[in-house]
Engineer: 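For reference, the structure I am asking about is given below.
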Amino acid sequence: MTSPLINYTLHLADNALILGHRNSEWTGHGPVLEQDIAISNIALDLIGQARNFYQYAAQLINRSTNQPNTATEDTVAYLRDAHDFKNCLLVEQTNGDWAKTILKQFYFSAYQFYLFQRLRDSKDETLAAIAEKSLKEVTYHLRWSSEWAIRLGDGTEESHARMTNAVDDLWMFAGEMFVAADYEIACANKGEAVDVVLLKSDWLQKVKAIFNEATLPVPQHSWMQSGGKEGRHTEHLGYILAEMQFMQRAYPGSTW
Amino acid sequence: MQAFDEGKIFLDKISREIKIEPQDWMPEQYRKTLIRQMSQHAHSEIVGMLPEGNWITRAPSLKRKAILIAKVQDEAGHGLYLYSAAETLNITREEMIGQLHAGKAKYSSIFNYPTLTWADIGAIGWLVDGAAIMNQVPLCRCSYGPYARAMIRICKEESFHQRQGFDILFTLSNGTGAQKKMAQDAINRWWWPSIMMFGPNDDASPHTKQSMDWKIKRFTNDELRQKFIDVCAEQVKVLRLTLPDEKLKWNDERKHYDFGDIDWEEFRNVVNGNGPCNKERMDARIRAHKEGEWVREAAAAHAEKIKLRQQKAVA
């Protein structure tokens, strides 16, 4: 029931779901009403993307096991354990303050922006179509998070210090996005996936440009955490899943 | 002399159903009543995000999660229009929020009850949003233009919210035994607080008469409450669940449902701060506001820097 394409699709879905879930933790608690709405909106976009990818993954799984309707978007999202989740470590990190949330979103949106630009040309038509549709949203996410990164970096002394902290906290989780997992390599070889190594320079250039405007330093250390894409996560993911999956686990087989 | 004429023009407009607009003369008491009502309404939208937000991270399916986020986000949007509409009466959003946090302005007491299970999200949609719609539809014809116009859009979204709430309960009531139990339990807890949302009985409601004369209000509290009970008593049959009121019974003479006594002692207590979640709700709002302070300051500081740089560039 696993193929590189299934794993790759799940990886794309898990990234979107986990960050969407994290963003939705802000709903009702944002720093100002307009931004509460904005971050909730991004959460919604990401969960929407996740649903598209999960529905496709469920289709592929059902086809491979020859058991129609066994897997659904909900079974794959709610009934897999942490070691089967393939999201990058970056997206599962805690929200922290608004600076950390913004920076996490900015790193990820910049990555998704370059990724989906290329994924539009995937030989897999469904992935290409989801990328095309999502790119419009991601373009907005990138603009929004870039503007906030600049605003906070170049705002007050306090906001600058908080952004600097966030940069330090999150940098070691950024590298993983550009190191391909086995399933990414296998799918890229078939023209279905994007070779993520190719995204790195565009991403770095974007980060440097925004950091420059935000008067933030680009970290020099290069040691990066990894493992998320292969199911080796930080401690945070377990708590996210415990909360997110609670209903499906407590009341198995129910319709909601 | 002039004030007399202005007063006459004002009343004449009210009687001819011409909307009062921000630049028009209005009695001070009319302005105050509207500020009180509109800010209370805006605060209710914002505080109301908390009990439902409580289930976003635990929503039982991806579809329900997306719908719930969209719904809570709508409430934030409603708060935003209402604050903006109230600002036309010469008060700022900051002042209104300050009054809320200082305990000087109220919000709907219903949000001081906890959301204990997923079914509560259904019950809030069906009953709380349902009661809110009963109250709010007549406000689309309120004499104050900006409020009336804001309410038109809000009511459209609220009726969608109510349907999604009913749909949650309908799904639960057709589900497993545990799901039906969850749904009934939620209705049992939310029913009485929901019918209290219409406010005290007419003979104990000091503002009603003046508000009706000014066409801010179109129906009395008791009229709206009766209408709501009549509707719910029928809808609950579709759910094959019950409302927790033994005295609820169709009265063929009145052509309305009779219902049991409301515990006004509980209502007064919750309004006055003794509800199960009053403190938690206010603490959460104050915390969000305080923790957001540096963000708002940074945004303002950055905007100022940009302005200065542009001025420099021009010079």
Side-chain angles (χ1 to χ4, degrees), chain A residues 17 20-41 43-44 47-48 50-51 54-55 72-74 76-78 97-99 102 147-148 150-160 162-163 214 240 243-248 250-251 253-256, chain B residues 42 46-70 72-77 79-80 83 93 97 117-118 168 171-172 174-176 178-179 182 284-285 287-306:
Chain A
L17 177 64
H21 180 95
R22 275 291 190 223
N23 285 345
S24 78
E25 292 172 2
W26 275 104
T27 304
H29 307 275
V32 63
L33 203 42
E34 287 82 347
Q35 300 313 322
D36 198 308
I37 294 173
I39 192 100
S40 302
N41 210 46
L44 259 181
I47 289 168
R51 292 185 66 192
Y54 281 135
Q55 285 162 13
T72 67
E73 58 171 1
D74 288 327
V76 284
Y78 290 101
D97 59 9
W98 189 248
I102 288 295
E147 285 171 2
W148 268 105
I150 293 166
R151 211 171 272 142
L152 296 179
D154 188 35
T156 60
E157 212 172 294
E158 179 176 5
S159 69
H160 182 84
R162 284 175 183 265
M163 275 307 272
I240 293 178
E243 196 171 336
M244 190 175 79
Q245 298 181 335
F246 147 65
M247 293 290 289
Q248 290 271 347
Y251 305 94
S254 307
T255 302
W256 301 100
Chain B
I46 302 307
V47 178
M49 295 169 75
L50 299 170
E52 290 182 280
N54 184 37
W55 279 89
I56 287 176
T57 54
R58 291 176 291 170
S61 72
L62 292 174
K63 185 177 149 200
R64 291 292 183 199
K65 192 185 191 73
I67 293 172
L68 185 57
I69 295 172
V72 178
Q73 191 197 22
D74 281 350
E75 313 291 1
L80 203 53
Y83 282 129
R93 199 204 300 183
I97 290 174
T117 71
W118 170 250
I168 289 175
T171 307
L172 294 176
N174 285 293
T176 64
Q179 286 178 306
M182 198 187 282
R285 284 314 313 155
R287 196 183 322 118
H289 192 72
K290 265 195 184 152
E291 286 176 3
E293 197 168 1
W294 71 269
V295 178
R296 297 189 299 273
E297 279 172 9
H302 184 252
E304 190 59 29
K305 281 184 190 174
I306 296 283

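Each chain gets a letter, A, B and so on, in the order the sequences are listed, and its residues count up from 1. As the structure is a computational prediction, the values presented were derived from the model and not from experiment.
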Engineer: Given that the side chain runs from C-beta out, which part of B/Ile168 has a heavy atom under 4.5 Å from chain A: side chain, backbone, both or neither?
Structural biologist: neither

Engineer: Looking only at atom types and distance, does a side-chain atom of B/Glu52 sit under 3.5 Å from a main-chain N or O of B/Val72, one as donor and one as acceptor?
Structural biologist: no

Engineer: Does a side-chain heavy-atom distance below 4.5 Å link A/Arg162 with B/Trp294?
Structural biologist: yes

Engineer: Please test A/Leu33 against B/Arg93 for side chain to side chain contact (heavy atoms under 4.5 Å, CB included), starting from the C-alpha separation and ending with a verdict.
Structural biologist: CA-CA 11 Å; A/Leu33 203 42; B/Arg93 199 204 300 183; 3.5 Å; yes

Engineer: Show every donor-acceptor pair shorter than 3.5 Å between a side-chain atom in residues 59-69 of chain B and any protein atom, with sequence neighbours excluded, or say none if there are none.
Structural biologist:
| unit_1 | atom_1 | unit_2 | atom_2 | d |
| --- | --- | --- | --- | --- |
| B/Ser61 | OG | B/Arg64 | N | 3.1 |
| B/Arg64 | NE | A/Trp256 | O | 2.6 |
| B/Arg64 | NH1 | B/Asp167 | OD2 | 3.3 |
| B/Arg64 | NH2 | A/Trp256 | O | 3.1 |
| B/Arg64 | NH2 | B/Asp167 | OD2 | 3.0 |
| B/Arg64 | NH2 | B/Thr171 | OG1 | 3.4 |
| B/Lys65 | NZ | A/His21 | ND1 | 3.0 |
| B/Lys65 | NZ | B/Ile56 | O | 3.3 |

Engineer: Looking only at the side chains, is there a donor atom on one of A/Glu243 and B/Thr57 sitting less than 3.5 Å from an acceptor on the other?
Structural biologist: yes

Engineer: Between B/Glu293 and B/Lys290, is the closest basic N to carboxylate O distance under 4.0 Å?
Structural biologist: no

Engineer: Please determine, among A/Arg22, A/His160, A/Arg151, the option with the most heavy-atom pairs under 4.5 Å with chain B.
Structural biologist: A/Arg151

Engineer: Please state whether the side chain, the backbone, both or neither of B/Arg58 comes within less than 4.5 Å of a heavy atom of chain A.
Structural biologist: both

Engineer: Measuring heavy-atom distances to chain B, does A/Trp148 have an atom under 4.5 Å in its side chain, in its backbone, in both, or in neither?
Structural biologist: side chain

Engineer: Starting from the C-alpha separation in whole Å, work towards a yes-or-no answer on side chain to side chain contact (heavy atoms under 4.5 Å, CB included) for A/Glu147 and B/His302.
Structural biologist: CA-CA 11 Å; A/Glu147 285 171 2; B/His302 184 252; over 6 Å; no

Engineer: When only pairs under 4.5 Å are counted, which of A/Thr72, A/Leu17, A/Asp74 shares the most heavy-atom pairs with chain B?
Structural biologist: A/Asp74

Engineer: With no hydrogens and no angle check, just 3.5 Å: does a side-chain donor-acceptor pair link B/Glu291 and A/Trp98?
Structural biologist: no

Engineer: Examine whether an atom of B/Leu80 lies under 4.5 Å from a heavy atom of chain A, and if so say whether it belongs to the side chain, the backbone or both; otherwise answer neither.
Structural biologist: both

Engineer: Would you mind telling me which of A/Asp36, A/Val32, A/Ile102, A/Asn41 has the largest number of heavy-atom pairs within less than 4.5 Å of chain B?
Structural biologist: A/Asn41

Engineer: Select, from A/Gln248, A/Met247, A/His29, the one with the greatest count of heavy-atom pairs under 4.5 Å involving chain B.
Structural biologist: A/Met247

Engineer: Tell me, for A/Ala50 versus chain B, whether the close heavy atoms (under 4.5 Å) come from the side chain, the backbone, both or neither.
Structural biologist: neither

Engineer: Answer with side chain, backbone, both or neither: which region of B/Arg285 has an atom nearer than 4.5 Å to a non-hydrogen atom of chain A?
Structural biologist: side chain

Engineer: Need one label for A/Ile47: side chain, backbone, both or neither, based on atoms under 4.5 Å from any heavy atom in chain B.
Structural biologist: side chain

Engineer: Identify which of A/Leu44, A/Thr255, A/Thr27 forms the greatest number of heavy-atom pairs closer than 4.5 Å to chain B.
Structural biologist: A/Leu44

Engineer: Apply side chain to side chain contact (heavy atoms under 4.5 Å, CB included) to the pair A/Tyr251 and B/Gln179, showing each step before the final yes or no.
Structural biologist: CA-CA 9 Å; A/Tyr251 305 94; B/Gln179 286 178 306; 5.5 Å; no

Engineer: Relative to chain B, which of A/Gln35, A/Glu34, A/Glu158 shows the most heavy atom pairs under 4.5 Å?
Structural biologist: A/Glu34

